[in-house]
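Report on one structure; see the data block that follows.
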Amino acid sequence: MEEHVSPRKPNMESSIYLGSDGWWHGRVTMGVKNDGSPDRRHRRAKSEPEVNRKVKELERLRDQGRAPKAGRKPTVEEWLTTYLTTIASLKLKPRSLDDYWSKTRNDIIPGVGQHRLDKLQPEHLERMYADMLEEGHAPSHVLKVHRILSRALKIAHRRRIISENVATLVEPPSVDETEANPFTMAEARAFLLAAAKRPTSLRWIVGVGMGFRQGECLGLRWAYVDLEAELFHPRWQLQRLTWRHGCADPHTCGTRLHRFEPCPEKCTVHKHYTRGCPPPCAKDCTRHASICPERKGGGLVFTRPKTKKSREPVPIPPPFIPHLRAQREAQQEAREAAGELWEEHDAVFARPDGRPLDPRADWEEFKVLLEEAGISDRRLYDGSRHTAGTILNELGVDMPTIMEILRHTQISQTRRYVKGRSELSKEAMRRMGDAFLPPPRATSETRTETGQTRAERAKRRRRIR
């Protein structure tokens with residue numbers, strides 16, 4: 001009796017055939033879709049070897065568990081919106097999330113936002129980066145955009161939405177590390193002497209003398225200042241966050257500030273903007289949350305420092321203690337004088353009404369103090385953390401201790417903050433020279449009479465003979 005053979009192919013076996021349209025077609029069984037129906041993928045090519053290659057590649061991805069999911073792939077804009085809204089928002093600090101959103105809206109979406117995620121190619125990213133550099137963006141800005149896009153594509157690849165993260169195939173612009181320009185010891189003294197004339201002098205003493213970041217200084221609260229143990233506990237920092245809409249229709253809510261046309265060539269509205277005129281709004285713009293009646297999550301906010309290491313206690317220099325006690329007493333007098341106008345935030349450095357100091361006003365005061373002290377312009381970071389690290393090094397403090405004071409997680413990070421001084425280098429090289437080549441002895445003038453005794457002269461003559 002002959003055995004009957006079914007013409008049906010076994011499960012998960014692919015089929016290849018020549019269609020009536022002249023193309024070779026391949027059908028690959030991948031499994032089942034979310035709704036339970038079979039997931040059959042289609043590939044086609046002009047020749048049988050080419051469609052065979054495509055089918056085998058898809059089977060390999062299926063067998064390795066790396067095949068992209070079925071269904072229409074989102075665009076870069078759609079995926080970045082999903083990533084920032086539901087994925088990155090769970091991990092990133094608010095200020096970092098604001099920065100991700102800003103670079104996504106202003107750079108990534110206009111550059112490659114309409115490409116389908118699975119059709120995005122390295123050439124698209126390279127062209128976008130080149131255009132950004134041509135427009136005058138700093139290489140460091142382009143590098144940040146690359147990292148944001150790379151992280152979003154990494155998640156898409158991990159979830160099998162795409163088969164490859166194309167950002168890993170692109171070389172972003174190289175960035176030269178910004179050279180630190182800390183105060184010298186004399187400049188630090190001149191700066192603090194100029195600050196001593198202002199009510200905020202203690203804020204600058206702490207910033208320059210202890211290397212606190214701006215947000216950490218302005219976010220210090222009395223509950224985390226232990227004057228008995230002489231410790232600061234930097235558990236909070238003050239940051240300005242971007243407002244978010246709390247209403248149901250953000251586009252309509254921001255109608256008053258929508259501007260869809262670019263500014264004229266000689267715009268007077270934004271002449272004081274350091275970054276020039278802002279770009280026009282998108283057609284479906286949902287920004288301008290600052291005027292939303294139900295706005296949320298923005299303004300000056302106390303937030304947690306970025307890392308656990310940043311929250312470790314820091315010893316207060318003993319000479320600072322009397323100044324801190326005087327600051328608390330002066331603040332108590334200000335509280336009584338303000339009466340009902342006082343807003344209690346427990347801030348160590350506060351305005352006359354109790355509110356924390358504004359970071360923008362703080363930055364402007366730093367620039368004014370530089371001018372008053374006769375110091376060349378530099379970053380606020382240079383005048384605080386870089387200065388503290390460098391002066392500690394000059395005072396002979398070892399690098400691991402400086403790392404603990406600045407609360408860095410790696411000593412390599414501390415070395416970038418500590419800039420060597422020419423005075424220390426000269427002294428070090430002098431000691432090196434003395435070790436190898438001792439200084440020559442002082443020579444006296446040649447005299448006709450040597451002053452030697454008769455016996456010594458006779459001994460010398462015998463030696464010569």
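Please read all numbers here as calculations on a predicted model, not as lab measurements. Keep in mind that the numbers below use all heavy atoms, side chains included, and drop hydrogens, waters and symmetry copies. Heads up: numbering here begins at 1 and tracks the sequence.
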Neighbour count above 12 (heavy atom, 6.0 Å) for E261 CD: no
Distance-only donor-acceptor check, side chains R378 and S376, under 3.5 Å: yes
Considering all heavy atoms, the nearest L120-H115 contact: CD1-CB, 4.0 Å
Worked verdict on D107 versus Y129 for side-chain contact (heavy atoms from CB on, under 4.5 Å): CA-CA 9 Å; D107 300 305; Y129 298 159; over 6 Å; no
CD (E134) with more than 12 external heavy atoms under 6.0 Å: no
Closest approach of I316 to M210 (non-hydrogen atoms, all atoms of both residues): CA-CE, 4.2 Å
Expected output: side-chain R244 to main-chain G298 donor-acceptor under 3.5 Å: no
Validation row, ring centre Y224 to ring centre F232 under 6.0 Å: no
Donor-acceptor under 3.5 Å (E343 side chain, R355 main chain): no
Close side-chain approach of M185 to I391, heavy-atom, < 4.5 Å: yes
Smallest separation among heavy atoms of R259 and P279, with atom names: NH2-O, 3.4 Å
Residues forming a side chain to side chain contact (heavy atoms under 4.5 Å, CB included) with E228, sequence neighbours excluded: D226, R325
Verdict with supporting geometry, Y381 and F366, ring-ring contact (aromatic ring centres under 6.0 Å, His included): CA-CA 11 Å; Y381 230 57; F366 174 74; over 10 Å; no
H258 side chain vs H251 backbone, donor-acceptor pair below 3.5 Å: yes
Pairing residues for S174 by the side chain to side chain contact (heavy atoms under 4.5 Å, CB included) criterion, not counting sequence neighbours: none
Within the 6.0 Å centroid threshold, strictly below: H245 and H288: no
Evaluation steps, side-chain hydrogen bond (donor to acceptor under 3.5 Å, both in side chains), between T401 and D398: CA-CA 6 Å; T401 303; D398 59 86; 2.9 Å; yes
R213 side chain reached by R385 side chain, heavy atoms, under 4.5 Å: yes
Pair R360-D362, salt bridge (charged side-chain N to carboxylate O under 4.0 Å, His left out): steps then yes or no: CA-CA 5 Å; R360 292 173 183 168; D362 182 75; over 6 Å; no
Side-chain donor-acceptor contact under 3.5 Å, T390 with T387: no
Partner set under side-chain hydrogen bond (donor to acceptor under 3.5 Å, both in side chains) for R95, not counting sequence neighbours: none
CD1 on I402 to CD on E404, rounded to 0.5 Å: 11.5 Å
K367, NZ: over 12 other non-hydrogen atoms inside 6.0 angstrom: yes
Donor-acceptor contact present, side-chain D382 to main-chain F183, <3.5 Å: no
Axial cation check for Y100 ring with R147, 6.0 Å and 45° limits: no
Worked verdict on W342 versus E340 for side-chain hydrogen bond (donor to acceptor under 3.5 Å, both in side chains): CA-CA 5 Å; W342 181 267; E340 294 181 356; over 6 Å; no
Side-chain H-bond candidate by donor/acceptor type, Q239 with T303, under 3.5 Å: yes
H408 and T414: side chain donor to acceptor below 3.5 Å: yes
Any donor-acceptor N or O pair under 3.5 Å, side chains T200, E365: yes
Student check: side-chain heavy atoms of D118 and S163 closer than 4.5 Å: no
Donor-acceptor pair between R151 and Y83 side chains, under 3.5 angstrom: no
Residue pair W222 / Q331, side-chain donor-acceptor N/O under 3.5 Å: yes
